[in-house]
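The sequence lines fix the lettering, A, B, ..., with proteins before strands; numbering per chain opens at 1.
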2 protein chains.
Amino acid sequence: MSDDDSAVARERIIESLEQSAEVYGLSRSAGRIYGVLYFAAAPLSIPELVEETGYAKSTVSNVTRTLSRIGLIHRRSSEGGGRRVRFEAEREVWFILQDVFQQYIQREIQTTLRTVRRAEEQLPADAREQERVRNLRETYEDLQEIVQLTSEYSAGELREALENYER
Amino acid sequence: MSDDDSAVARERIIESLEQSAEVYGLSRSAGRIYGVLYFAAAPLSIPELVEETGYAKSTVSNVTRTLSRIGLIHRRSSEGGGRRVRFEAEREVWFILQDVFQQYIQREIQTTLRTVRRAEEQLPADAREQERVRNLRETYEDLQEIVQLTSEYSAGELREALENYER
DNA sequence: TGGTTTGTTCGGAATGAGCCGAACAAACGA
DNA sequence: TCGTTTGTTCGGCTCATTCCGAACAAACCA
């Protein structure tokens, strides 16, 4: 009974993670694999993940690689005996988000900002586009700074900073 | 000459927007159409957008609808004579981001949070999963609050709030 | 009224992503 | 040593997305 309840609750959350994965540009399989690892009592190997998720070995192999690259899970190689690679979920969700901010958002903002700055310099001083490009640049500069600072705080600190701010 | 330079600069930025669109889950055509509208001196109709972008009329029709729905561009109907629908870009990038936060991120967080809370209640008190689910819930509660507050401030205020925060 | 312009909707082609099974490489155990 | 287990890579299948052209509906103009 109690075990059943746990299983159901776990499954619900994993389904929710599947959906979240899609929203953030990952595959459903990535969401499920992360979810299974999130609740696993110990790091799991690829055959174990195949068993738990029902996905093909090749799928699990590919998905675990991308999840590792992004930082959602960690490879725990050389665990005890055997050369089995084992995977463990990064359970500090805030870390994950900070990583995503650093790796993707920050990067995206920076390349755009570089393009905009170059375009702005190149633009004739009297061009109609001047003001619009300047606006774009200024917003992106704010964004860059915000994202930068965000990735330096914990979720709690961030929340506090916003709650205490007096305009 | 000067016009050429402007055109080149504009094109660079539009290409950058095409790429950004992809990153944020939109099509390249959406990025280009938004870009053209961003620099347009006046709101443009669908035939004019076809002329400027080279896309088929149907494509422009579909893309403008989704961009309007998201709030990246606005329909300016009933402009002067004719029943031509005209589109204008929302140029306050921060508004757009706030909308995205409200519509997608906030929503996503809330549905996940609801699932997690329900699962937590359902869970037997002694379940192994207890702590992990609680962790998840607490982080999501922080996130919800953060996103909520974020959408109430301007980019400048947000930046200031973070810069002035003393741990 | 009939022809023109504008915008939407439909079906289809091309492309890409997700997942699978099979083949392969590498390390282990008997 | 040879068979087994583990993990990666490859080609192919399926489905969704993107975009196109054609057909259609609605409003305008002559």
Side-chain angles (χ1 to χ4, degrees), chain A residues 14-15 17-37 40 42-70 72-88, chain B residues 14-15 17-37 40 42-70 72-88:
Chain A
I14 290 178
E15 279 168 10
L17 291 175
E18 277 181 334
Q19 202 175 339
S20 299
E22 274 189 319
V23 173
Y24 298 121
L26 294 170
S27 59
R28 292 184 73 78
S29 54
R32 174 155 295 267
I33 288 176
Y34 174 81
V36 167
L37 288 175
L44 298 182
S45 66
I46 288 186
E48 288 166 334
L49 280 171
V50 169
E51 168 70 21
E52 291 283 330
T53 63
Y55 285 114
K57 204 170 46 152
S58 54
T59 302
V60 173
S61 174
N62 286 322
V63 171
T64 49
R65 187 177 44 223
T66 71
L67 286 180
S68 300
R69 189 153 39 79
I70 304 178
L72 268 88
I73 66 178
H74 302 290
R75 283 183 89 103
R76 299 265 179 255
S77 41
S78 75
E79 150 73 34
R83 81 183 234 292
R84 267 185 157 176
V85 181
R86 293 176 179 281
F87 296 95
E88 183 168 22
Chain B
I14 289 178
E15 280 168 9
L17 291 175
E18 277 182 335
Q19 202 175 337
S20 299
E22 275 190 318
V23 172
Y24 297 121
L26 294 170
S27 59
R28 294 185 72 80
S29 54
R32 172 155 298 268
I33 288 175
Y34 175 81
V36 167
L37 288 175
L44 299 182
S45 66
I46 289 187
E48 288 166 335
L49 281 171
V50 169
E51 168 71 23
E52 290 284 327
T53 64
Y55 285 114
K57 203 171 46 152
S58 56
T59 303
V60 174
S61 174
N62 286 321
V63 170
T64 49
R65 186 176 48 223
T66 72
L67 286 180
S68 300
R69 189 154 37 81
I70 305 178
L72 268 88
I73 66 178
H74 302 288
R75 283 182 89 105
R76 299 265 178 257
S77 42
S78 75
E79 151 71 38
R83 81 179 234 290
R84 267 185 156 173
V85 180
R86 294 175 179 282
F87 295 95
E88 182 166 24

Exercise for the section: Report yes if a side-chain nitrogen or oxygen of A:R65 is closer than 4.0 Å to either non-bridging phosphate oxygen (OP1 or OP2) of D:dG7; otherwise report no. Expected result: no
Practice task
Applying side chain to side chain contact (heavy atoms under 4.5 Å, CB included) between A:I73 and each of A:L67, A:T66, A:L44, report the one that passes.
Solution key: A:L67
Identify all pairs in which a protein N or O lies below 3.5 Å from an N or O of nucleotides 13-18 of chain D, and state each distance.
none

Practice task
In whole angstrom, give the distance that lies between atom CZ of A:R84 and atom C1' of C:dC28.
Solution key: 12 Å
Handout entry: A:S68 side chain to A:T64 backbone, donor-acceptor under 3.5 Å
Key = yes
Problem - Crowding at CD, B:E48 (>12 non-hydrogen neighbours, <6.0 Å) - result: yes
Problem - CD-CZ distance between A:E88 and A:R75, expressed to the nearest 0.5 angstrom - result: 14.0 Å
Exercise for the section: Rounded to the nearest angstrom, tell me the gap between atom NZ in B:K57 and atom C1' in D:dC20. Expected result: 12 Å
Exercise for the section: Can you tell me the distance, in whole Å, between the CG atom of A:L49 and the P atom of C:dC19? Expected result: 14 Å
Exercise for the section: Starting from C1' on C:dC19, measure out to CZ on A:R32 and report it in whole angstrom. Expected result: 15 Å
Exercise for the section: Output the single nucleotide from C:dT6, C:dC20, D:dT8 whose closest atom is nearest the side chain of A:Y55. Expected result: C:dC20
Exercise for the section: Please report, rounded to the nearest Å, how far the C1' atom of D:dG21 is from the CD1 atom of B:I46. Expected result: 16 Å
Fill in the blank from the handout: Between CG of A:L67 and P of D:dT8 the distance, given in whole Å, is 13 Å
Problem - Bend angle of the helix from C:dT1-D:dA30 to C:dA30-D:dT1, end axes from five pairs each (to 10°) - result: 10°
Completion exercise
Rounded to the nearest 0.5 angstrom, the OH-OG distance for B:Y34 and B:S20 is 10.5 Å
Practice task
Give a yes or no on whether B:E22 atom CD has more than 12 heavy-atom contacts from other residues, nucleotides or ligands under 6.0 Å away.
Solution key: yes
Completion exercise
Rounded to the nearest 0.5 angstrom, the CG-CD1 distance for B:L72 and B:I33 is 11.5 Å
Problem - A:R84 CZ to A:I46 CD1 distance, which is reported to the nearest 0.5 Å - result: 10.5 Å
Exercise for the section: Can you establish whether the number of heavy atoms outside A:Q19 located under 6.0 Å from its atom CD is more than 12? Expected result: no
Mind listing the N/O atom pairs, protein and nucleotides 10-16 of chain C, below 3.5 Å?
none

Problem - Residue B:S61, side-chain heavy atoms: nucleotide from D:dT8, C:dC19, C:dT9 that is nearest - result: C:dT9
Fill in the blank from the handout: In this structure, CG of A:L37 is separated from NE2 of A:H74 (nearest 0.5 Å) by 11.0 Å
